[in-house]
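Structure first, commentary second.
Everything numeric here is computed off the predicted structure, so don't read it as measured data.
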Amino acid sequence: MSDQAKNTPAAANSYRSTLNMPDTPFPMRGDLPKREAGWAQEWEDKGIYKKLRDARCGAPKFILHDGPPYANGKIHIGHAVNKVLKDMIVKSRQLEGFDALYVPGWDCHGLPIENAIEKLYGRNLPRDEMQAKSRAFATEQIAQQMADFKRLGVLGDWDHPYKTMNFANEAGELRALKRVMERGYVYRGLKPVYWCFDCGSSLAEFEIEYADKKSQTLDVMFPTAEPEKLAAAFGLPALNKPAAIVIWTTTAWTIPANQALNVNPTLEYSLVDTERGLLIVASALVEKCLARWQLEGTVVATALGEKLDHLNFRHPLAEADAGFDRLSPVYLADYATADDGTGIVHSAPAYGVDDFNSCVANGMEYDSILNPVQGNGVYAPELPLFAGQHIWKAAPVIIDTLRDAGRLLDTQTITHSYPHCWRHKTPVIYRAAAQWFVRMDEGEGVFTKDKAPGTLRETALAAIEQTAFYPENGKERLRAMIAGRPDWCISRQRSWGVPLPFFLHVDSGELHPRTMEIIDQAAAMIEQGGIEAWSRVSAEEILGADEAKLYTKSTDILEVWFDSGSTFWHVMRGTHPDMHHDSGPEADLYLEGHDQHRGWFHSSLLLASAIFGRAPYRGLLTHGFTVDGQGKKMSKSLGNTVAPQDVSSKLGAEIIRLWVASTDYSGDLAIDDKILARVVDAYRRIRNTLRFLLANVSDFDPAADSVPFEQMLEIDRYALARAHQLQTEILGHYQVYEFHPVVAKLQLYCSEDLGGFYLDVLKDRLYTSAPKSLARRSAQTALWQITHAMLRWMAPFLSFTAEEAWKIFGDSETIFVEKFVDLPAGDAALLAKWARIREIRDLVNKDIEAVRGTGQVGSSLQAEVTLAAEHEDLALLQSLGDDLKFVFITSAAQAVAAESGATLQASVAPSAHDKCERCWHYREDVGSNPAYPTLCGRCDSNLHGTGEDREFA
């Protein structure tokens, strides 16, 4: 070949085949929507979860107990957040070396499923039929949700999930109830409890949320029934006018059930002379009240509330109907204040906890408490004037009736915060009903056998102190809820749930003396045939014909929070014994949305504290709710919902996983198309970096080609030390369940540590050095170890991608049987040296860019750099010798001493030499071998000689 021919473009391009070009079957495009479902199916077909357990047999356990989602409807983006967070935690603990179990669960009983069945088949179904249809419906819902969770890449024991409707769990729940009873916490009582008309049942504190409601305020006069005693209370010889005490309320519907009045014993009350008669109100509120009533008035006398104790007044509707002709005595109560209203509280004991307690404390018998509101919100037929009316519709009628009776002083419309049903979003009331309760404070329970040493409130509060919270502010939230909560009403008047297997005496209402034995009998029956088996059994079959006549079989069920709250007992200690820690009964972690401080976290804490005196968890993690990009709550009406199924089909479930991992879950998690587009960009950067790593170790055999750490080039040792430093940070974040810092640091590592520095510097050595040279194998050794580490760092959240890469790179069936790798740490001096070199490199790059802007150079390889430096910087730069140019990716670089006191200065000039057609460096020795006139000396040596020597870069 002539010299002219050797310099043709065709000849130059022929050198490409002599380069060590990267090669990998790992594609640049993930094509996630098309491929993920196949990978998820492969995990299932190969039984990967079982293989993870086998790989960690005998290792310390890590147990995240799944808070069961409700088996009703398709999963939404909030479900996806929850399950992906759990999956990331379990996988990170698995990679840490733990036997990290994950048994998914479902909450299957309860009202929403009953409502769904009623919509499908109508109301008033027989109990057996409701239960059978509910069980079938829940089974269908679970199958649908399970498929969606698997599609998200969640690994778990999907073949053996726990369901609260499994016969063994239904039976186990009864055994948990029996243990709570033995510890002295369960009692039956008549108490006002939250009642939802739509549910047709009582509600627990957990099932209440607050929302604004419009109501009518009422100022109502209760005329005195004892004028002489009232005059004496105010120090007067007699009353010269009719007198009345005035109450203020926002619940007109409770007036028909009024049975008492409350005043504060230490508050001063005034007797005010007005054109409507003598009116009694708190002295501090006289002026406001008169203004509200549009009356003129003069204070005749004053008296402390204690002087009014047990004075009798008449019901305000006494003259409207004889059915209301009764007395309303005054009881002293601290909760009557002068903050608003009139300072006097009207008391309807069936419809308020304070009212109830006050009336009972003053001797009112349970049987005397009036309770005219039926379970559907309609007044009972025997109630005068308002019978058959729904209380919300009756309120204006009651107001008109009070006005006609001359007892109404004022009414106004207000908007105030009011309790609503968590499920139906409708207003609820307090309503007295005979219910079963778990007692929070001192008192006697039924069938106590092994009384707990302290109150449930004390035990639960102490357990909170032993629990780790993520984030920490969850601790105070849960503590406040436990500190202030009332007794827990655990009974419901529904069909689809675990029965309270009680028989109550028809006269006394007492439980059958063999109740504890009957609970065991019911549990055994249910374990064989489900709750349906107990529903079908008759009182005669359990008690015998004679006793059956004396007892009524309860149709109440345990409320659904008892179901899920007791799973630590009947799942972790029962149906899934592998989940039981050798070191104790607690799970390592419970993880749910922050609303579960009043839900699952709460009920689980109470039941575990009742049963074995501590929390069922060692740690509690809470996450926020999903919102749109503007921070608005998602709703179908606003059209701002994001369905995980849609994202998976368009972008891939991996994008959902990366979004979850990259978002600070301690607050609300914002998602929309723009946010997802940014996540896609982040994913591409990580994937492209991973592809580069895989491509450049494709011909590397670690057994034969690895270079010992101490023999590696210095920059390679630095790269491993930097990876070790980053891994220490990442594992620290994983320890405390922080993911968004891991993603942020991984992205920064890919773009700056690798793409912006190390891989950029490395390309020349990887591509141009002899394939088996120490220089190239040193680089590949570092890349191979970094790839191992990086795949493990990303596997908890980029599970599909890590597994895809592992099939190419790894030597085991799945990356999830692996553990985090041990990377060489290097030393602080090495890290500090190269951190400073990188800083200097950034300064040099800016100077090169400035020269590039003038058109004097094209690529940085066309430049030659002279650095003027002092002291440490000079020694550091000169220590790299001729390798300094590789760090700056220039064709030449040298460091010279700067003038004393001068700042670091770079001088950039275009090279005057020819360009090597193989490595593209501009070098004086291009053509030094006449046989290869377009090659530089080092390329000639790398191709035809012993190869170039490198020590640092």
Side-chain angles (χ1 to χ4, degrees), residues 191-192 217-239 243-251 254-255 257-274 277-290 292 297-316 326-366 368-370 409 430 432 441-442 484 486:
K191 273 192 174 184
T217 67
L218 294 85
D219 290 271
V220 181
M221 297 185 292
F222 284 63
T224 180
E226 300 173 323
E228 296 83 5
K229 289 183 178 179
L230 181 61
F234 278 99
L236 299 173
L239 302 178
I245 196 166
V246 185
I247 66 95
W248 178 89
T249 183
T250 61
T251 56
T254 62
I255 293 291
N258 172 271
Q259 291 185 270
L261 300 162
N262 294 119
V263 302
N264 191 307
T266 61
L267 202 61
E268 183 185 81
Y269 291 86
S270 291
L271 187 66
V272 186
D273 188 2
T274 75
L278 298 171
L279 304 179
I280 303 167
V281 296
S283 297
L285 294 169
V286 169
E287 189 175 340
K288 284 184 178 180
C289 288
L290 290 174
R292 187 165 69 244
T298 304
V299 174
V300 174
T302 62
L304 290 179
E306 63 184 11
K307 297 291 186 179
L308 307 178
D309 187 23
H310 280 78
L311 287 182
N312 286 308
F313 293 81
R314 296 175 65 79
H315 194 283
R326 60 176 180 265
L327 298 178
S328 188
V330 169
Y331 298 144
L332 303 181
D334 292 338
Y335 63 84
T337 70
D339 294 340
D340 53 24
T342 63
I344 299 105
V345 175
H346 113 81
S347 182
Y351 305 121
V353 175
D354 288 334
D355 296 357
F356 178 89
N357 291 336
S358 171
C359 288
V360 171
N362 280 277
M364 188 176 292
E365 298 290 337
Y366 286 169
S368 300
I369 292 175
L370 300 176
L409 284 170
Y430 271 114
D441 301 304
E442 290 291 349

Show the nearest heavy-atom pair for residues [X] and [Y], with the distance to one decimal.
X	Y	value
Thr274	Gly297	CG2-CA, 4.1 Å
Phe222	Pro316	CE2-CD, 3.3 Å
Ala244	Phe313	C-CE2, 4.5 Å
Val353	Pro192	CG2-O, 3.9 Å

query: Do side-chain atoms of Gln259 reach the backbone of Ser368 as a donor and acceptor pair under 3.5 angstrom?
result: yes

message: Looking at Asp334, is its backbone amide N or carbonyl O close enough to the side chain of Asn264 to form a donor-acceptor pair, meaning the two atoms are under 3.5 Å apart?
response: yes

Nearest 0.5 Å, what's the [atom1]-[atom2] distance between [X] and [Y]?
X	Y	atom1	atom2	answer
Tyr269	Thr302	OH	OG1	13.0 Å
Leu332	Thr266	CG	OG1	9.5 Å
Leu267	Ser283	CG	OG	7.5 Å
Asn362	Asn262	CG	CG	8.0 Å
Leu327	Leu261	CG	CG	10.5 Å

Pairs flagged by salt bridge (Lys or Arg N to Asp or Glu O under 4.0 Å) wherever residues 219-235 is involved - sequence neighbours left out: Asp219-Arg292, Glu226-Lys229

task: State which residues pass side chain to side chain donor-acceptor pair (under 3.5 Å) with Glu442; sequence neighbours excluded, sorted by chain then number.
output: none

task: Quick one: list whatever passes side chain to side chain contact (heavy atoms under 4.5 Å, CB included) with Val360, sequence neighbours left out.
output: Phe356, Tyr366, Ile369

- request: List for me each residue that meets side chain to side chain contact (heavy atoms under 4.5 Å, CB included) alongside Lys307, sequence neighbours excluded, and say none if there are none.
  value: Ala233, Ala303

query: In chain order, what residues pass the ring pair (Phe, Tyr, Trp, His ring centres under 6.0 Å) check against Tyr351, with sequence neighbours excluded?
result: Trp253

Could you list the donor-acceptor pairs under 3.5 angstrom formed by side chains in residues 338-350, with sequence neighbours left out?
residue	atom	partner	partner atom	Å
Asp339	OD2	Thr337	OG1	3.3
Thr342	OG1	Val246	O	2.7
Thr342	OG1	Ile344	N	3.3
His346	ND1	Asn258	ND2	2.8
His346	NE2	Thr254	OG1	2.7

- request: Before giving the answer on side-chain contact (heavy atoms from CB on, under 4.5 Å), spell out for His310 and Tyr331 the whole-Å C-alpha distance, their side-chain angles and the decisive distance to 0.1 Å.
  value: CA-CA 6 Å; His310 280 78; Tyr331 298 144; 3.7 Å; yes

- prompt: Only one of Leu236, Thr224, Leu278, Ile245 forms a side chain to side chain contact (heavy atoms under 4.5 Å, CB included) with Leu230, so which one is it?
  reply: Thr224

Option among Thr298, Leu290, Ile280 that satisfies the side chain to side chain contact (heavy atoms under 4.5 Å, CB included) test with Val272: Leu290

- request: State whether a side-chain donor-acceptor pair under 3.5 Å links Tyr335 with Asp355.
  value: yes

query: Any side-chain heavy atom of Ser328 within less than 4.5 Å of one from His315?
result: no

